[in-house]
Asker: 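Okay, here's the structure, questions in a sec.
Counting starts at 1 for both ligands and their atoms, following the listed order.
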Amino acid sequence: MKKYIAIALIASGTAAFAHSGVKNPDVMNRMMGMSELAKQMKVIGTMAKGEAAFDADAANAALAKISEEASYIPSLFENKATDPKSEALPAIWDNWDSFTAHATELEELAGGLAGTIQAEADLGPAMGQLGKSCGACHADFRAK
Ligand code: HEC
């Protein structure tokens, strides 16, 4: 299992940060899903801050990817898996409908924004809306 996790981490191109040392594979998978969301947000965020050249296609592709990844959230959390390193609150499984509604909201928001980025000035407002959507779910369902 350790080997599989190491390969998955390399394949996803994400650094092991918060999820290093996680032993439960379901917990690991949902953390990887979240990391993918963060990775795509960074694509847009670095452009918004002027740290990367503006690329409308890349920004729209990142938004589409966020929407797709958000659609996986319910299945990634379906199993009430735990791990000492997990920040998932038990409230997720007590308020499943509310939790999945947050996932759907992000999926629809990002899906609606995908394709609308035409100028650099579009990035900030999109980031703002997305950040609120991530934050709304984290506020209720992720330990701080
Ligand atoms: C439907 C609820 C929900 C939405 C929407 C959501 N998250 Fe999360 N996120 C969680 C939960 C719950 C955890 C804790 C998972 C755990 O530790 O087991 C988490 C954890 C994370 C982590 C830490 C991953 C790790 O390796 O420990 C990152 C980064 C993250 N989310 C980024 C995002 C970003 C960026 C967005 C928006 C684009 C987002 N999340 C949207 C619920 C959500």
Asker: Would you check the N or O atoms of His102, main chain and side chain alike, for any that come under 3.5 Å of an N or O of ligand 1?
Answerer: no
Asker: Apply ring-ring contact (aromatic ring centres under 6.0 Å, His included) to Phe99 and list each qualifying residue two or more places apart in sequence or on a separate chain.
Answerer: Phe77, Trp96, Phe141
Asker: For a 4.5 angstrom cut-off between non-hydrogen side-chain atoms, does Asp122 reach Leu113?
Answerer: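 A side-chain contact under 4.5 Å is absent here.
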Asker: What atoms in ligand 1 come closer than 4.0 Å to a heavy atom of Phe141?
Answerer: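 Contacts of ligand 1 toward Phe141, numbered from 1: 12 (C).
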Asker: So if I count the atoms of ligand 1 from 1 in the order they appear, which ones are less than 4.0 Å from some heavy atom of Ile92?
Answerer: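 Once the distances to Ile92 are compared, the set is 12 (C).
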Asker: Less than 3.5 Å apart, any donor N or O on the side chain of Ser71 or Glu107 sitting next to an acceptor on the other?
Answerer: no
Asker: With a 4.5 Å cut-off on side-chain heavy-atom distances among I, L, V, M, F, W and Y, is there a chain of contacts connecting Leu76 to Val22?
Answerer: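 As far as the 4.5 Å side-chain criterion goes, Val22 and Leu76 are not connected within one cluster.
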Asker: Going by the atom numbers of ligand 1, which of them fall below 4.0 Å from some non-hydrogen atom of Phe77?
Answerer: 11 (C), 12 (C)
Asker: Using a 4.0 Å cut-off to any heavy atom of Ser35, which atoms of ligand 1 qualify?
Answerer: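 Counting from 1, the qualifying ligand atoms are 26 (O).
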Asker: Taking 4.0 angstrom as the limit and counting only heavy atoms of Ala88, give me the atoms of ligand 1 inside it, by number and element.
Answerer: 14 (C), 16 (C), 17 (O), 18 (O)
Asker: Could you list which atoms of ligand 1 come closer than 4.0 Å to a heavy atom of His19?
Answerer: 25 (C), 26 (O)
Asker: What about Ser133: any of its N or O atoms under 3.5 Å from an N or O on ligand 1?
Answerer: no
Asker: What closest approach, in Å, do His19 and Met28 show between heavy atoms, and which atom pair accounts for it?
Answerer: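 For His19 versus Met28, the nearest heavy atoms are O-CE, 3.8 Å.
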Asker: If we set the cut-off at 4.0 Å for heavy atoms, which region of Met32 has an atom near ligand 1: side chain, backbone, both, or neither?
Answerer: neither
Asker: Atom 8 (Fe) of ligand 1 to Cys137: any N/O/S contact under 2.8 Å?
Answerer: no
Asker: Taking just the N, O or S atoms of His138, which one is nearest to atom 8 (Fe) of ligand 1?
Answerer: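 It is NE2, the N, O or S atom of His138 closest to atom 8 (Fe) of ligand 1.
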Asker: Only heavy atoms of Ala38, strictly under 4.0 Å: list the atoms of ligand 1 that pass.
Answerer: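 Taking each heavy atom of Ala38 in turn, ligand 1 has 29 (C), 35 (C) under 4.0 Å.
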Asker: Are Tyr72 and Val27 grouped together when hydrophobic residues (ILVMFWY) are joined by side-chain heavy atoms under 4.5 angstrom apart?
Answerer: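 No, Tyr72 and Val27 fall in different hydrophobic clusters.
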Asker: With a cutoff of 4.0 Å, is Leu130 in contact with ligand 1, counting heavy atoms of the residue only?
Answerer: no
Asker: Answer whether the closest heavy-atom distance between the side chains of Lys39 and Val43 falls below 4.5 Å.
Answerer: no
Asker: Which heavy atom of Trp93 sits nearest a heavy atom of Lys80, and at what distance?
Answerer: CD2-CG, 3.4 Å
Asker: Taking both backbone and side-chain atoms of Ser86, is any N or O found less than 3.5 Å from an N or O belonging to ligand 1?
Answerer: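 Yes, there is a polar N/O contact under 3.5 Å.
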Asker: Could you pull out the closest heavy-atom pair between Ala110 and Ser67, with the gap in Å?
Answerer: CB-N, 3.7 Å
